[in-house]
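Working notes, beginning with the structure itself.
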There are 2 protein chains.
Amino acid sequence: MKQKTRKDEIITTAAELFKEKGYSAVTMRDLATAMGIKAASLYNHINSKQEILKGIIISIAEAFTNGMEGIINSEATSINKLKHIVELHVNITANNTNGMASLNNDWMHLEDQLDYYLKLRNEYEANFLAIIEQGVLDSEIKNSNPEVIMFSMLSTLRSLYLWIPKKEDLNANDLANSLSEVLIYGIND
Amino acid sequence: MKQKTRKDEIITTAAELFKEKGYSAVTMRDLATAMGIKAASLYNHINSKQEILKGIIISIAEAFTNGMEGIINSEATSINKLKHIVELHVNITANNTNGMASLNNDWMHLEDQLDYYLKLRNEYEANFLAIIEQGVLDSEIKNSNPEVIMFSMLSTLRSLYLWIPKKEDLNANDLANSLSEVLIYGIND
DNA sequence: TCATTAAACTAACAATTGTTAGTTTGGTAT
DNA sequence: ATACCAAACTAACAATTGTTAGTTTAATGA
């Protein structure tokens, strides 16, 4: 647990605001007011608004990349790899709900880091799809459209940031299990 | 097929731009440039930027409300009602992909119409949940968490706007069927 | 006690924002 | 030809934007 710097506090507060209205609609004065200081004072700690966005998004994107790396290189079955992906999303989202909102909704406002972000995202999706396709080959997964399966799972997982805050009672493990159940085994009785 | 007015063209073009960068990041000058005219000229046709957003979002929200009304009042089984919901989302999204992006991402920038929008959305979700709960009572749907089921389905359906444009070859019926299959019957072989 | 330093402040800037007012253009119907 | 009208234009506005420069404050350690 490294201690939080003032810069970290700014980034955390910014993520809260960005979640509510999006990056573009939040002004540096909004952020300063939320911090209880004046806008100019923010610049003692950060270099630009853009740097805040980068600080929110890139670290999360890299956490997903690292998590996926571990899953890809594991010995698990394809179905179990998918369950680990569900856990990965639940855990990252539970630890940074507000940041996930920016990652989902404001990535296109990245400037210098946009290409890097897109590279990470494309690789992530390619790995995700490869797991599903291997599962089909091994007859673990139905031979329907693998892209539809990935799209469906990923849509749900990417929306977790909207839902986790409303269900604080539910712990991360229970949620991951319920989700895996629904996503993998369906809902019909 | 009523003919498109100039105002309709502005709204359509705005929806394209809003999809890419969000409502707040698109300026009236951006919109005017995309239309091949000057910003001030837009005001011969619309009263405000806000009116454009309302023009995009509210009509779609009402289409969902009307569609849900028909499903709720039908005689179908719960599972079949869910399939009709999938069709509803696929059809509306296929007909207005760009508008769906605004509905999903920019609804919080509605001003006068915000309360009305939220009312429609809350009612829609309540109806959706009621269908699932009835399905559980009738043993059509697994007795797992109905909210997790709704969240999972709705997340996928709300993300369709991101995915449909990439899959122009797939027709709406095929997509709806594939999605229903995955969402309802799961993916394991 | 004094120097240092993190972190706040005031004041201002150039650019961009949504919008208004008044004017010009070019085609259509009388 | 003339009147009309939708739809464009130029010019400007007041407010807000991200950001910079230089200054003050208050706590810490020597």
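No experiment lies behind these values; they were computed from the predicted model shown. Note: hydrogens, waters and symmetry copies are ignored here, and every other heavy atom, side chains too, is used.
- For the pair A40(A) and A25(A), nearest-nucleotide mapping onto DNA chain D gives the more 5' position to A25(A).
- If R29(A) and K38(A) are placed on DNA chain C by their nearest nucleotide, the residue sitting closer to the 5' end is K38(A).
- Proximity note for A39(A) (side chain, C-beta onward) versus dG18(C), dA21(C), dT19(D): the nearest is dT19(D).
- Nucleotide dA8(C) holds its C1' atom 15 Å from the CD1 atom of I46(A), rounded to whole Å.
- For E9(A) and R6(A), the salt-bridge test passes: some basic side-chain N is under 4.0 Å from an acidic carboxylate O.
- Distance L42(B) CG to dT10(D) P: 14 Å, rounded to the nearest Å.
- Residues I52(B) and A14(B) come closest through the heavy atom pair CG2-CB, 3.5 Å.
- Within 3.5 Å, a donor on the side chain of N44(A) pairs with an acceptor on the base of dA8(C), or the reverse.
- D174(B) and N171(B) are linked by a side-chain donor-acceptor pair at a separation below 3.5 angstrom, with hydrogens and angles left out of the test.
- In this structure, CE of M28(A) is placed 16 Å from C1' of dA15(C), rounded to the nearest angstrom.
- Distance Q50(B) CD to dT17(C) P: 18 Å, rounded to the nearest Å.
- Closest to the side chain of Y43(B), out of dG18(D), dA11(C), dT19(C), is dT19(C).
- A salt bridge does not link E62(B) to K54(B): none of the charged side-chain nitrogens sits closer than 4.0 Å to a carboxylate oxygen.
- As rounded to whole Å, 16 Å separates atom P of dA6(D) from atom CD of E9(B).
- Side-chain polar atoms of Q134(B) and D138(B) form a donor-acceptor pair below 3.5 angstrom.
- Looking at heavy-atom distances under 4.0 Å, S41(A) makes contact with a base.
- Considering only side-chain atoms of T27(B), the nucleotide from dG18(C), dC9(C), dA8(D) that sits closest is dG18(C).
- Distances shorter than 4.0 Å separate none of the side-chain N or O atoms of H45(A) from OP1 or OP2 on dA6(C).
- As a whole-Å value, the separation of D30(A) CG from dT16(D) C1' is 11 Å.
- Taking atom NZ of K49(B) as the reference point, atom C1' of dT16(C) lies 12 Å away to the nearest angstrom.
- Atom-to-atom, NZ of K7(A) to P of dA7(C) comes out at 13 Å; the value is rounded to the nearest Å.
- Within the 4.0 angstrom heavy-atom criterion, only backbone atoms of the sugar-phosphate kind lie near R6(B); the bases stay farther away.
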